[in-house]
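Pasting a structure below so you can have a look.
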Amino acid sequence: MKRFDLKKLKDLDAKKLAKDFWYGKPHGERRLGDLYIPKTGLYKHREWRGVKDTMYYFNNIWLYNYGHMVTDILKYSGGNPKGLVQFVKGTMRYRWMGQTYLTVMHWFDRCLEGMRDETLRATAWHFRGIVSACLYQIVEMFNRDITLGGDPEKWRKTIAHDETVWGGVFYGFPDVAHIPLQMIPYFVTCHCNNHTVLNYIDAAQALGLPGDPCPMCQAEAGIFLQDDVPDFFPALVTTNEACDGSVATSVIQDWMINKPLFAMPQPMQFDDDSVLENCAKEIEGAIKFTEEMTGVKFDWELLKKKLQDQNELQRNEWEKWDVAANTNSYPINGVGQALYRIFYSQYGDMDCWHETDAKVKKIMDKCVEQKINTFPMTRHRVIAWSCAPLYYSAWCTWAYNCWGLNTIINMDSLMFDMEIRTDSYENCLLDMAKYHEWAPMRRMAVGGLQHIFELWENMEKFNCDMVMMYDQIKCKGMQGVVGLFEDEFRARNIHAIWMPHALPDKRDVSRAEIRKIINDYMFTVMGEEPLDPSLLEFDDSNSW
């Protein structure tokens, strides 16, 4: 039997141990990487954040969200227990659902790793809003899915649409559900579990599609090829996504769905006023199509009310941006800020967004009033530009913990930067057209050089000194401007780290490779040492 070393006992600092137990170890002493099980990136045990924050995480994040992941199902099913039955059926039937629902809290763990105090609370509320909105869409799909015995009357009053068709197009229809086709099966799933969409990409390529175009489009087509989409709608509204690279896969989806379809393309030259008027007519066409397919009449007053509610969300966002740009008291980390903004601005107005904003505003006001430095280990204020790796949305949490790189704002967050007029039908429709044109990845990724180069003004606006430049290696649009950005970075003496990735496909560039690129830049170019060396290198290839 090994004898206990009494000398080690004498060397222990009792006061330090008690302080670390009560408050948690300070940043720089945490060694978060030691929590991981080798080869997995999964935790041996939970992170100890001190008594107060650990209890908050366990009760107000873990238990609270697990509880609400059940109560939300009943809430969005109108209190009908059949909603739970439908949910279980859907979880067993659809591969993406089974792989995602059980990994949600691990997603929270990754994205909230190392967070403390008000930052932990505000960011967690953003994630709570996202999960609630996702559950709403999932419940609505499953309760209407006629292959699972869903309600045929609800099925008749549902419009499906591409995930980059803004949900506000359907605001004017009472008792009509609008549900994005790909947002849950594709976009959400690879954030929670980076293995989920790989078989869908392989299915599309097995059909004969080449492997070099954007894997986003391939994954979306593969979901249909694998018969993994609920039958919850009689008709759908589509668009050309963010670029014309999706046209081939849209044709495949159309073949597989074989239902009435209205195409509402996003114009490629959208700065032209005449094009804006044409886009407004397309939206009017989608409204008339919805009336014909559902038998429900468009309500202008309802549209106005919903748009005014959405404008309130936009004003809340501007207030957050002001705090993020001009203070050190912004309490939301990079991944929480980016995903929440994309979700609510793309899907459209919901009660859960207003509830979340109210809670976050209280926390943010406290941070500003008390001048709390919410990210005290910040070395560099980072703006992330172009299209992010969906399978590694938590990279910015890792980058802050390891290197003090604080991601202040993301390019996709800055799209939809507008209120929509409701003073007249004509003005409203023109603003809706512009909003639709500014879909994620559309305005600044493929919207022309003047929009791609909005980077410089936003870098100055948010007081950032470094750029994380996403390099989507299969995006033919952004690949064409790499040289232009390189020239500008040199001319402006800007530190920029190029992060290669393949959007949802982690097999082309792994999460470990992304971390190595950032590590190498920080060591060799910046000449800095890590805050937490335990996070420099670890294998998480098999983790969710």
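Numbers here simply count residues along the sequence, with the first being 1. Note that the coordinates shown come from a computational prediction; the quantities given were computed from them, not determined experimentally.
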### Task
Taking the six-membered ring for Trp and the full ring for Phe, Tyr or His, determine whether the centres of Phe489 and Trp456 are under 6.0 Å apart.
yes

### Message
Would the distance check show the side chain of His126 and the main-chain N or O of Val335 forming a donor-acceptor pair, the cut-off being under 3.5 Å?
### Response
no

### Task
For the pair Phe523 and Glu528, evaluate side-chain contact (heavy atoms from CB on, under 4.5 Å) and give the outcome as yes or no after the intermediate values.
CA-CA 5 Å; Phe523 275 126; Glu528 297 179 10; over 6 Å; no

### Query
Can you name the ring-ring contact (aromatic ring centres under 6.0 Å, His included) partners of Trp166, sequence neighbours left out?
Tyr171, Tyr435

### Query
Rounded to the nearest 0.5 Å, how far apart are CD of Glu312 and CD of Gln310?
11.5 Å

### Message
To the closest 0.5 Å, what do you measure between OG1 (Thr103) and NE2 (His195)?
### Response
9.5 Å

### Task
Answer with yes or no whether the side chains of Thr164 and Asp162 bring together a donor and an acceptor at under 3.5 Å.
no

#### Entry: Full working for side-chain contact (heavy atoms from CB on, under 4.5 Å) between Trp395 and Ile518
CA-CA 10 Å; Trp395 74 265; Ile518 297 173; 4.1 Å; yes

### Query
Thinking salt bridges, do Asp322 and Lys461 make one under a 4.0 Å N-O criterion?
no

### Task
Would you please name every residue forming a salt bridge (charged side-chain N to carboxylate O under 4.0 Å, His left out) with Lys281, sequence neighbours left out?
none

### Task
Keeping the roles fixed (side chain from Thr327, backbone from Ser329), state whether a donor-acceptor pair exists under 3.5 Å.
yes

### Contact check, side chains of Asp465 and His495, non-hydrogen atoms, under 4.5 Å
no

### Query
Can the ring centroids of Phe485 and Phe453 be said to lie less than 6.0 angstrom from one another?
yes

### Message
Any donor-acceptor pair under 3.5 Å linking the side-chain atoms of Glu118 with those of Thr374?
### Response
no

### Task
Calculate, to the nearest 0.5 Å, the distance between atoms CE and CG belonging to Met183 and Leu181 respectively.
11.0 Å

### Query
Is any side-chain heavy atom of Tyr391 less than 4.5 Å from a side-chain heavy atom of Asn193?
no

### Message
Within the 4.5 Å heavy-atom criterion, are Met418 and Lys434 side-chain neighbours or not?
### Response
yes

### Query
Any luck finding a side-chain donor-acceptor pair between Glu163 and Gln346 under 3.5 Å?
no

### Query
Side chains of Thr378 and Asn328: does their closest heavy-atom pair fall under 4.5 Å?
no

### Query
Going from CD1 on Ile342 to CD on Gln337, what distance comes out if it is rounded to the nearest 0.5 angstrom?
8.5 Å

### Message
Quick test of your reading of the model: are Lys361 and Glu319 salt-bridged, counting only N-O distances below 4.0 Å?
### Response
yes

### Centroid-centroid distance, His161 to Phe170, less than 6.0 Å
yes

### Task
Using a strict cut-off of less than 4.0 Å between a Lys/Arg side-chain nitrogen and an Asp/Glu carboxylate oxygen, indicate whether Glu419 and Arg315 qualify as a salt bridge.
yes

### Query
Is a donor on one side and an acceptor on the other found under 3.5 Å between the side chain of Asn410 and the backbone of Ala338?
no

### Glu460 atom CD: more than 12 heavy-atom contacts under 6.0 Å
no

### Task
Would you check if the side chain of Lys259 reaches a backbone N or O of Phe233 as a donor-acceptor pair within less than 3.5 Å?
yes

### Query
Is there a side-chain contact between Ile497 and Ile517 (heavy atoms, below 4.5 Å)?
yes

### Task
Run through Arg515, His501, Arg511 and flag the one making a side chain to side chain donor-acceptor pair (under 3.5 Å) with Tyr392.
Arg515

### Task
Give the C-alpha distance, both sets of side-chain angles, the deciding distance and a yes or no for side-chain hydrogen bond (donor to acceptor under 3.5 Å, both in side chains) between Asp417 and Trp438.
CA-CA 9 Å; Asp417 184 12; Trp438 287 0; over 6 Å; no

### Task
Identify, with sequence neighbours excluded, every residue that meets side chain to side chain contact (heavy atoms under 4.5 Å, CB included) alongside Asp309.
Lys305, Asp349, His354

### Message
Tell me if the centroids of the rings in His178 and Tyr347 come within less than 6.0 Å of each other.
### Response
yes

### Query
To the nearest 0.5 Å, what is the distance between CD (Glu426) and CG (Asp431)?
12.0 Å

### Summary
Sorted by chain and number, sequence neighbours left out, ring-ring contact (aromatic ring centres under 6.0 Å, His included) with Tyr330 holds for none

### Task
Could you give me the CA-CA distance, side-chain angles and deciding distance for Gln308 and Thr422, then say whether side-chain contact (heavy atoms from CB on, under 4.5 Å) is met?
CA-CA 8 Å; Gln308 288 162 0; Thr422 57; 3.4 Å; yes

### Task
Indicate yes or no for a side-chain donor-acceptor contact from His106 to the backbone of Trp544 under 3.5 Å, with no hydrogens or angles considered.
no

### Query
If only atom types and distance count, is the side chain of Asn333 paired as donor or acceptor with the main-chain N or O of Thr397 below 3.5 Å?
no

### Message
Taking side chain to side chain donor-acceptor pair (under 3.5 Å) as the definition, give me every residue that meets it alongside Ser424, ordered by chain and number, with sequence neighbours left out.
### Response
Asn427

### Task
Could you walk me through whether Tyr521 and Trp498 pass the ring pair (Phe, Tyr, Trp, His ring centres under 6.0 Å) test, one step at a time?
CA-CA 10 Å; Tyr521 192 95; Trp498 285 88; over 10 Å; no

### Query
Just by modelled atom types, is the Trp96 backbone N or O under 3.5 Å from a matching donor or acceptor in the Thr196 side chain?
no

### Query
Given side chains that start at C-beta, do those of Tyr344 and Met350 come closer than 4.5 Å, heavy atoms only?
no

### Query
Between Tyr400 and Trp403, is a ring pair (Phe, Tyr, Trp, His ring centres under 6.0 Å) present by the stated rule, with each step listed?
CA-CA 5 Å; Tyr400 175 74; Trp403 289 103; over 10 Å; no

### Task
May I ask you to decide if Ser413's main-chain N or O and Arg341's side chain share a donor-acceptor pair within less than 3.5 Å?
yes

## Note on the structure
Those residues at least two apart in sequence (or on a different chain) that pass side chain to side chain contact (heavy atoms under 4.5 Å, CB included) with Leu198 are Asp505, Lys506, Arg507

### Query
Hey, what do you get for OG1 (Thr356) to CH2 (Trp125), rounding to the nearest 0.5 Å?
7.5 Å

### Query
So, for Thr123 and Thr119, which heavy atoms are closest and what is the spacing to 0.1 Å?
OG1-O, 2.8 Å

### Message
Quick check against the 3.5 Å criterion: does Ser132 have a side-chain atom that pairs as donor or acceptor with the backbone of Cys352?
### Response
no

### Query
Ignoring hydrogens and geometry, is there a side-chain-to-backbone donor-acceptor pair from Asp532 to Leu32 under 3.5 Å?
yes

### Task
Please lay out, stage by stage, how Lys304 and Leu307 fare under the test side-chain contact (heavy atoms from CB on, under 4.5 Å).
CA-CA 5 Å; Lys304 280 203 311 186; Leu307 288 173; 5.9 Å; no

### Query
Under 4.5 Å between any side-chain heavy atoms of Glu282 and Asn278, yes or no?
yes

### Task
Only one of Cys214, Cys190, Cys217, Pro389 passes side-chain contact (heavy atoms from CB on, under 4.5 Å) with Leu503; say which it is.
Cys214

### Query
For the rings on Tyr340 and Trp353, is their centre-to-centre separation under 6.0 Å?
yes

### Message
In the structure I gave you, are the side-chain heavy atoms of Phe173 and Phe298 within less than 4.5 Å of one another anywhere?
### Response
yes

